[in-house]
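Below: one structure, written as structure tokens.
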Amino acid sequence: MSNSNFVVKIHDALFKSSLVRSFKFVFAKKIGHLEILHGEKWVVWGPSKTKMLNILGNKYLSVPSLSRTYGKSLNDGSANLTIEQLEFKGVIPTAHLGARYEYFKDSFDQNCKKYILDNAIGSNSVAYDVKTSNRKINMKLYHYLVEKLKLTELQSRWTMGLSNGQMRRARMARSLLKEPDLLLIDDPFLGLDPVTSDTISNFLRDLDSNNNNANRFFTFTSTVIGLRIQDPIPTWCTHICYVNQDGVEFQGPINNFKGKIQEIKELHNKQLLENDRSVSFRNGISAKDLIKDHFYKSSDHKKDNSIRNVFELKDVGIKYKGEAVFTGINWKVESGSRWHLRGANGTGKSTLLALIMAEHPQSWNSKVLDNGIPRKVGKSNYFDINSRIGFASPELHAIVSKDYGDKLTVTELIATGLHYGSPNNFTNNLNKIITIERSRIDAFLKYFNLFDMKDIQFNKLSVTNQKLVLFIRSMIRLPELLLLDEAFSGMDAGIIRICHLFLKKHWPGSIITISHLQQETLDCENYLQLIKRGEYIIGKNI
Ligand SMILES: Nc1ncnc2c1ncn2[C@@H]1O[C@H](COP(=O)(O)OP(=O)(O)OP(=O)(O)O)[C@@H](O)[C@H]1O
């Protein structure tokens, strides 16, 4: 049965990224029949959700060619249906990690309003528009989006300076301003604090309500979100499409599948618990062997019984143009301690990590002590500070995907983590590393089930595996301090569990982790919660 009110229709279709014969189909199994109608709200759920969103978003070729068709736009009834597809794999890629915090902006930077309007042509490095495109912009809609997505106060901010959560909201506004007929968002709640997550969920729920209103000033129709098995499915989703490695397993009105959804969740939780048993020994590799050369395991360190602070902050603050992000922070991180750095989007968590890594211009300050030694220009240097630190974050992920992910294989990328003192250095050094380091890389790859993919280019991996590679890269020097900024967001639950158990049971070093979702948060004894400006709490998790 078919409906003329459809946005996209798929019938007996296979998909490919190229028509070249040797290219495999995206899913081995044909998609029988799937139809998304205007106004419906779908969740694409399961391990292959991203591939399915790409199919809906016209990123793959359909075989036969007419097995996927798009309907008419509700905007003007024309055949030019507009699709906007958003994925939050990373933030805006910058030239290097510290670029966000620099006073002299990257040449591509622009303010948040200009970014959302997205109609300037030419250079973004000047404050005025060289030329604007003739795309008609619905300013009433602009104001609606800015208010609903809580961007009002951020309009004049430089885009590059926006926090992850702020940037995600800005990207959503930019897409919606184009009044798409089909909005596809992969992991819409990734990296959002609980309050912002609710705001976005309610916003997506209400996207259509405006259409029933006599004063309607925009037309959006269908929304499709991609979620992992562990994510709660919003109650406003009207339809579900469950996709596993082979393809679509079931799809249709969500109420028809309540039992199946529950069954899949229960099986998934059972499989997670099975991982717990294998954490000490996986694929022939013992977890203890992976970290045996860590400094904290050495006799030198064991002899020195005095507990050292990996770093300490004494009354530290960061300000932009006189406006404080945070002030008066006093914080000691002892060797081997684990910290969850908490706080709503924009409270300064990433900025605090940038300060520890000396990426922030305001971090050259004797109120910051590394291993008890006050940091001073001329006395401390960036490379020595970072030689003790391992780091993974969405910014780093964005830089790698854009500039190195097509050039470096998994092994090569992990090896770049062995460069002395710079998380930013991605020069291929595989030929220069010593045998013991090479064996360590192989052992990590085996332990984390990536050995078969060791020679594949980074960008060819799934998001989960890309994150896993960056996580291994952060540990490969066996650093004293691991900074894991949303390092597990977007990963499948099974892999997160293995990483967490490894850290919890075996990693000897200090850890500071940032994450908003409970299932992505490593169990830590301590937390530092940023509230706003001068307010923060340090406490113990019971
Ligand atoms: N160059 C800058 N100028 C002005 N404000 C800035 C600049 N860089 C960052 N900010 C602001 O500093 C605040 C802290 O940003 P930060 O990225 O540290 O937040 P966060 O707590 O990590 O947020 P999220 O949870 O969204 O990742 C934000 O409000 C951000 O907009």
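No hydrogens, no waters, no symmetry mates; every other heavy atom, side chains included, goes into these values. One-based numbering, in listed order, for ligands and for the atoms of each.
Each of the atoms 18 (O), 19 (O), 20 (P), 21 (O), 22 (O), 23 (O), 24 (P), 25 (O) of ligand 1 lies under 4.0 Å from some heavy atom of K349. Listed by number with element, the atoms of ligand 1 under 4.0 Å from a non-hydrogen atom of G165 are 24 (P), 26 (O). Less than 4.0 angstrom separates some heavy atom of T351 from each of these atoms of ligand 1: 14 (C), 15 (O), 16 (P), 18 (O).
The pair E486-R168 meets the salt-bridge criterion, with a side-chain N (NZ, NE, NH1 or NH2) lying under 4.0 Å from an Asp/Glu carboxylate O.
A perpendicular orientation is assigned to the rings of W331 and F311, their planes being inclined by more than 60° (bins at 30° and 60°). The aromatic rings of H500 and F488 stand perpendicular to each other, their planes meeting at an angle above 60°, with 30° marking the opposite boundary. The aromatic rings of F502 and Y447 sit tilted, their planes meeting at an angle between 30° and 60°.
With T159, N164, L353 as candidates, the residue nearest to atom 27 (O) of ligand 1 on a non-hydrogen basis is N164.
Heavy atoms of H516 found under 4.0 angstrom from ligand 1 belong exclusively to the side chain. Contact annotation: for V325 versus ligand 1, heavy atoms closer than 4.0 Å belong to the side chain alone.
Ligand 1 has at least one atom lying under 4.0 Å from a heavy atom of G348.
For N386 (side chain) and Y382 (main-chain N/O), a donor-acceptor pair under 3.5 Å exists by modelled atom type.
At least one N/O-N/O distance between G346 and ligand 1 falls below 3.5 Å.
Around atom CD of E153, no more than 12 heavy atoms belonging to other residues, nucleotides or ligands sit under 6.0 Å away.
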